[in-house]
Amino acid sequence: MCPEQIRDHARETTMSEHDEPATYDVRAAQDKWLPVWDRLQPFRADDDSPREKKYALTMFPYPSGDLHMGHAEVTALHDVIARYWWQRGYEVLNPMGWDSFGLPAENAAIRNDEHPATYTYANIETQYESFRRYGISFDWSRRLHTSDPEYYRWTQWLFLKFRERGLAYRKNSPVNWCPNDQTVLANEQVVDGRCERCGAEVTKRELTQWYFKITEYAQELLDELDNLEATWPARVVAAQRNWIGRSEGAHVSFAIDGRDEPVTVYTTRPDTIFGTTFMVIAVDSALADDLVTDAQRPAFEAYREEIRKETEMERLSTDRPKTGVDLGVTATNPVTAEQIPVWATDYVLADYGTGAVMGVPGGDQRDWEFATEFGLPIVRTTQTPDDWEGEAFHGEGPAINSPAPGAAAPLDINGLGVADAKRATIDFLEQRGSGTGAVNFRLRDWLLSRQRYWGVPIPVIHCAKDGEVAVPYDQLPLELPELRGADLKPKGVSPLAAAEDWVNVECPTCGGPATRDSDTMDTFVDSSWYFLRFCSPGYTDGPFDVAKANAWMAADIYVGGVEHAVLHLLYARFFTKVLRDMGMLEVGEPFAAQLNQGFVINQGKKMSKSLGNGVNLGDQLAEFGVDAVRLTLVFAGPPEDDIDWADMSPAGSLRFLQRAWRLSGDVTSAVGTSPEGGDVALRRVTARTVHDAAELVEAYRFNVVIARVMELVNATRKAIDSGSGPADPAVREAAEAVAVLLSLVAPYTAEEMWERLGHQPTVARAGWPAVDPALLVEESVVAVVQIQGKVRARLEVSPDISEADLEQLALADADVVRAIDGREVRKVIVRAPKLVNVVV
RNA sequence: GCCCCGGUAGCCCAACGGCAGAGGCAGUGGUCUCAAACACCAUCCAGUGUGGGUUCGAAUCCCACCCGGGGCACCA
């Protein structure tokens with residue numbers, strides 16, 4: 001298609017014979033209503049409103065370039081809910097801001113030899129203008145940016161408060177390192193051994209870093225998911241449960257030959273302890289280093305060196321042979337008193353449990369492979385099923401060899417099922433003082449230090465004499481030094497460390513020479529509390545006004561991408577719980593309900609530059625207008641499903657909007673005319689549509705709402721053209737309902753309709769149409785008569801017909817009599833007023 | 001391997017355990033036009049992934065399997 005042939009749908013205005021425009025000018029409408037809305041400020045949330053409050057939250061974006069299809073989809077869906085609440089008479093808080101710290105700005109700054117703020121704030125302005133034209137009902141007076149000093153001042157304040165409570169601490173440990181971005185990564189940011197952001201293979205480094213003690217809240221974070229199950233997407237709840245990864249088992253102490261301290265292992269299967277034929281320790285743990293004998297040290301260190309060179313990718317591949325080194329010491333099985341060898345290996349993780357595991361090859365496949373590799377004995381402790389052909393068996397079955405036949409042991413669990421055997425073993429260990437029941441979590445503490453510039457400086461000073469010293473609260477915000485371009489190039493240490501004027505300071509305690517912490521915070525810290533700041537964005541006496549936060553929180557809906565299922569959502573939940581424990585919040589969960597939108601894809605594939613299948617939002621908006629694009633995204637299907645743009649028809653959406661708009665021009669009755677006495681059939685459709693639309697919006701079934709509005713438009717069109725005519729007050733009632741319902745998704749079209757119907761702006765605050773309950777009851781319904789489940793007749797009956805009357809009527813019907821054909825009626829099921837089923 | 005979600009016309013999607021179709025896209029036929037595009041009007045189209053079960057009656061509930069999407073995974 002050559003460019004001249006591309007039709008300009010949005011601008012097109014055709015005239016009918018009566019000089020009555022058949023379509024309205026989409027672009028002119030956009031230009032016309034934006035200033036009106038600016039003047040009316042219909043979506044400004046009033047903290048002191050007597051109306052019931054609703055908090056409609058959608059994930060704030062990172063300012064990279066202009067808005068794209070993904071932003072368009074999530075905000076269009078979100079806006080249906082926010083605008084619906086306004087129409088229903090709630091006071092709605094619907095704020096927006098930017099998550100404006102982060103790596104892309106820093107990389108752009110290096111590329112262009114400029115300050116990251118230049119890129120950041122230019123993009124924010126671009127996105128802000130696009131959002132405005134896109135007509136989302138945001139309260140712009142509450143706009144915030146996490147990179148503003150007046151915002152990150154409070155991020156630093158919260159960090160210091162967390163630190164005072166022992167929830168922010170430094171420790172030295174092997175951490176995930178992205179060699180490309182030259183910074184550490186949280187566990188959550190490593191996906192399949194690669195950096196979530198850039199895809200580089202992640203390696204390990206031994207570093208001293210800041211952590212948030214999220215593990216202290218692991219149990220509560222898990223427990224509260226039960227209460228969120230009804231209102232959060234199942235996949236998010238499942239993902240968080242998986243990530244927290246609670247397991248129940250026992251700590252068991254093994255005495256070590258020639259060492260005072262025993263070694264404690266964590267196991268989920270204490271009942272298999274009789275099958276423990278060796279012990280394995282994480283090779284990269286301090287414990288392994290401590291246990292190894294002088295004779296074995298050279299072999300151990302060589303092995304450890306070999307392992308350190310591996311990337312995460314290599315370590316995670318499960319199909320390679322097991323490796324390890326004998327540490328040269330022996331441990332004593334506390335139940336059998338047997339001496340077993342102690343090995344170091346890389347298949348045991350240093351930072352989970354105790355970093356040491358009892359090797360039970362009969363019950364654990366990894367141990368089986370290790371035992372096979374090194375010729376260690378294998379003892380089964382659970383009876384395998386008759387048809388078992390596998391190796392290690394971890395299923396249900398009676399305990400065997402516990403103890404082995406003929407062997408003497410102070411404990412005997414033979415014959416017990418797994419659960420009973422576990423309990424008996426733990427009881428025994430507890431009595432002996434060599435073990436205890438224990439719970440473990442997969443969740444690790446949250447590594448928050450980043451060796452980059454464009455983030456929140458960690459407000460701590462390191463002094464040779466006083467150690468870690470907090471920057472005094474009255475010196476916050478601790479602002480970033482002015483660095484740009486080449487200063488920001490990744491060097492493996494934070495660029496802040498090289499800013500000598502900034503990093504060298506006097507110790508606040510002793511006045512001696514000291515240095516600032518040169519790392520910045522993970523940007524997930526910024527987004528863990530922004531929804532609280534929105535409740536009082538200008539507040540200067542704390543991160544937020546406690547009374548206002550308590551008035552608005554929790555958010556009644558949080559709309560956003562499922563890619564944040566564990567990261568952001570888990571961190572935000574953690575922050576909320578800590579703030580509650582600090583007495584600053586009443587709620588312990590930030591998001592009462594949640595909705596995840598799907599992706600916008602094209603031709604069955606994710607949009608990408610390399611595939612060349614990207615759909616540009618700006619082009620779509622220019623061609624079809626804001627309303628048609630929004631309508632297309634909302635109508636496409638259930639919100640959580642992916643939308644394939646190739647299957648969609650924004651032109652069809654625009655056609656529908658024009659059809660709807662045309663109704664408003666056809667209405668001839670005066671504004672304010674009572675619908676009483678209007679065509680009852682149409683009034684019923686209107687009432688039913690308005691009534692059902694409310695339920696459908698609340699169930700997030702926006703696509704069905706649109707379908708129902710289309711039906712209403714069709715019914716109204718018919719009434720005008722071939723029914724009661726344009727002067728019927730029922731037609732006005734219907735057209736006005738269409739305008740209000742459309743205001744949830746097509747604000748410009750709805751406003752045009754509302755004006756043409758003789759009303760003042762803005763339709764967005766017109767209020768939900770009143771529904772006469774009498775109109776929801778049908779005058780007559782069609783009852784279906786089935787013979788053997790097949791429909792044989794239809795009867796028009798009153799909706800409140802009795803079952804007996806309906807049965808009688810059905811059996812008397814000529815078609816029914818013919819269908820029964822003299823056979824004996826064995827049973828008649830009657831479901832008045834809809835159905836009769838005759839069984840013969 | 002374990003756990004979640006989903007399979008309905010050519011396509012996107014509807015359907016309190018009760019007539020499989022609400023809406024849209026595409027298609028087809030008309031109206032308009034010198035002709036076409038746009039627009040408008042009309043119309044065609046499946047028995048619900050497979051196999052069992054429960055029920056008077058199953059797209060819907062239960063079981064198994066297949067396919068697709070997602071989460072966790074050397075976490076002891």
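All chains are named by letter (A, B, ...) in the order of the sequence lines, taking the proteins before the strands, and each is independently numbered beginning at 1.
Partners of Arg235(A) according to the salt bridge (charged side-chain N to carboxylate O under 4.0 Å, His left out) rule, which considers only residues two or more places apart in sequence or in another chain, do not exist here.
Distance CG (Leu633(A)) to P (rG24(B)): 19 Å, rounded to an integer number of Å. Remark: P of rC3(B) and CD1 of Ile244(A) are 19 Å apart, rounded to the nearest angstrom. Atom CZ of Arg444(A) is separated from atom P of rA73(B) by 9 Å (rounded to the nearest Å). Going from atom CG of Leu654(A) over to atom P of rG24(B) covers 15 Å, rounded to whole Å. Following rounding to the nearest Å, Glu229(A) (CD) and rC4(B) (C1') show an atom-to-atom distance of 11 Å. At whole-Å resolution of the value, CD1 in Ile643(A) and C1' in rC25(B) are 14 Å apart. One can place CD of Gln658(A) at 18 Å from C1' of rC41(B), the figure rounded to the nearest angstrom. Regarding Ile601(A), its CD1 atom lies at a distance of 11 Å from the P atom of rG69(B), rounded to whole Å.
One C1' atom belongs to rC44(B), the other to rG10(B), and the distance between them is 12 Å to the nearest Å. Atom P of rG18(B) sits at a distance of 15 Å from the matching atom of rC62(B), rounded to the whole Å. Comparing the P positions of rG24(B) and rA39(B) gives a spacing of 14 Å, expressed to the nearest Å. Distance check on atom C1': rC61(B) versus rU55(B) gives 10 Å, rounded to whole Å. Taking the P atoms as reference points, rA26(B) lies 29 Å from rA20(B), given to the whole Å. The gap from the C1' atom of rA73(B) to that of rC45(B) amounts to 46 Å, rounded to the nearest Å. Annotation: rA58(B) and rG49(B) have their C1' atoms spaced 16 Å apart (nearest Å). Of the C1' atoms belonging to rC13(B) and rG7(B), the separation is 13 Å, rounded to the nearest Å.
A salt bridge is absent between Arg304(A) and Asp284(A): the closest approach of a Lys/Arg side-chain nitrogen to an acidic carboxylate oxygen does not fall below 4.0 angstrom. Between Glu229(A) and Arg241(A), at least one side-chain nitrogen of the basic residue sits less than 4.0 Å from a carboxylate oxygen of the acidic one, meeting the salt-bridge criterion. Under a 4.0 Å N-O distance rule, the pair Arg717(A)/Asp721(A) qualifies as a salt bridge. Of the charged side-chain nitrogens involved, none lies within less than 4.0 Å of a carboxylate oxygen, so that Lys322(A) and Glu373(A) do not count as a salt-bridged pair.
By the 4.5 Å heavy-atom criterion applied to side chains, Val357(A) and Met279(A) are not counted as neighbours. The shortest side-chain heavy-atom distance between Trp343(A) and Phe370(A) falls under the 4.5 Å cut-off. In this structure, Pro638(A) and Asn703(A) have side chains that are in contact, with non-hydrogen atoms separated by less than 4.5 Å.
The partner of rG18(B) is rC56(B), judged by Watson-Crick or G-U wobble contacts that both fall below 3.5 Å. The pairing partner recorded for rU28(B) is rA42(B), the criterion being a Watson-Crick or G-U wobble arrangement whose two distances lie under 3.5 angstrom. With a cut-off of 3.5 Å on both Watson-Crick or G-U wobble distances, the partner of rA9(B) is given as none. Pair assignment for rG1(B): rC72(B), on the basis of Watson-Crick or G-U wobble contacts that are both within less than 3.5 Å.
Considering only side-chain atoms of Ser247(A), the nucleotide from rC19(B), rA76(B), rC4(B) that sits closest is rA76(B). Listed candidates were rC19(B), rA76(B), rG23(B). Nearest to the side chain of Val784(A) is rC19(B). The side chain of Glu711(A) approaches rG23(B) more closely than any other nucleotide in the set rC4(B), rG18(B), rG23(B). When distances run from any side-chain atom of Arg659(A) to the nucleotides rC41(B), rA76(B), rG24(B), the shortest one goes to rC41(B). Side-chain atoms of Leu349(A) lie closest to rA76(B) of the nucleotides rA76(B), rC19(B), rC4(B). Among the nucleotides rC25(B), rA76(B), rC74(B), the one closest to any side-chain atom of Lys322(A) is rC74(B). For Trp243(A), whose side chain is taken as the heavy atoms from C-beta onward, the closest listed nucleotide among rC72(B), rC4(B), rA42(B) is rC72(B). Among rA22(B), rC40(B), rC56(B), the nucleotide with an atom closest to any side-chain atom of Arg831(A) is rC56(B). You'll find that the side chain of Ala234(A) is closest to rC4(B), out of rA39(B), rC4(B), rA42(B). Considering only the side chain of Ile829(A), rG18(B) comes nearest among rC4(B), rG18(B), rA73(B).
Residue His251(A) comes nearest to Ala438(A) through the heavy atom pair ND1-CB, 3.5 Å, listed as atom of the first residue, atom of the second, then distance.
For the pair Val839(A) and Val566(A), nearest-nucleotide mapping onto RNA chain B gives the more 5' position to Val839(A). Map Lys718(A) and Arg442(A) each onto its nearest nucleotide of RNA chain B; the residue landing nearer the 5' end is Lys718(A).
Judged purely by atom type and a 3.5 angstrom limit, Arg688(A) uses its side chain to pair as donor or acceptor with the backbone of Leu776(A).
Here Gln240(A) lies out of heavy-atom contact (under 4.0 Å) with every strand. Contact annotation for Arg708(A): no contact, since no heavy-atom pair falls under 4.0 Å across all strands. Contacts of Val360(A) with the nucleic acid, taken as non-hydrogen atoms under 4.0 Å apart, are absent. In this structure, Arg246(A) reaches neither bases nor backbone, as no heavy-atom distance under 4.0 Å exists between it and the strands shown. Base contact: Val357(A) has a heavy atom under 4.0 Å from a base atom.
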Under 3.5 Å, side-chain donor or acceptor atoms of residues 560-570 of chain A against the rest of the protein: list the pairs with distances, not counting sequence neighbours.
{"unit_1": "His568(A)", "atom_1": "NE2", "unit_2": "Tyr558(A)", "atom_2": "OH", "d": "2.7"}

Heavy-atom contacts, protein to nucleotides 10-15 of chain B, under 4.0 Å, summarised as B (base), S (sugar-phosphate only) or - (none) per nt, yield -SSSSS
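Nucleotide rG53(B) carries an anti base; the chi torsion (O4'-C1'-N9-C4 or O4'-C1'-N1-C2) is more than 90° from 0.
The shortest distance between the side-chain N/O atoms of Tyr347(A) and the OP1/OP2 oxygens of rA76(B) is not below 4.0 Å. Side-chain N/O atoms of Arg655(A) include one lying less than 4.0 angstrom from OP1 or OP2 on rA39(B).
Within 3.5 Å, a donor on the side chain of Asn837(A) pairs with an acceptor on the base of rC56(B), or the reverse. One cannot find a donor-acceptor pair under 3.5 Å joining the base of rG1(B) and the side-chain atoms of Gln365(A).
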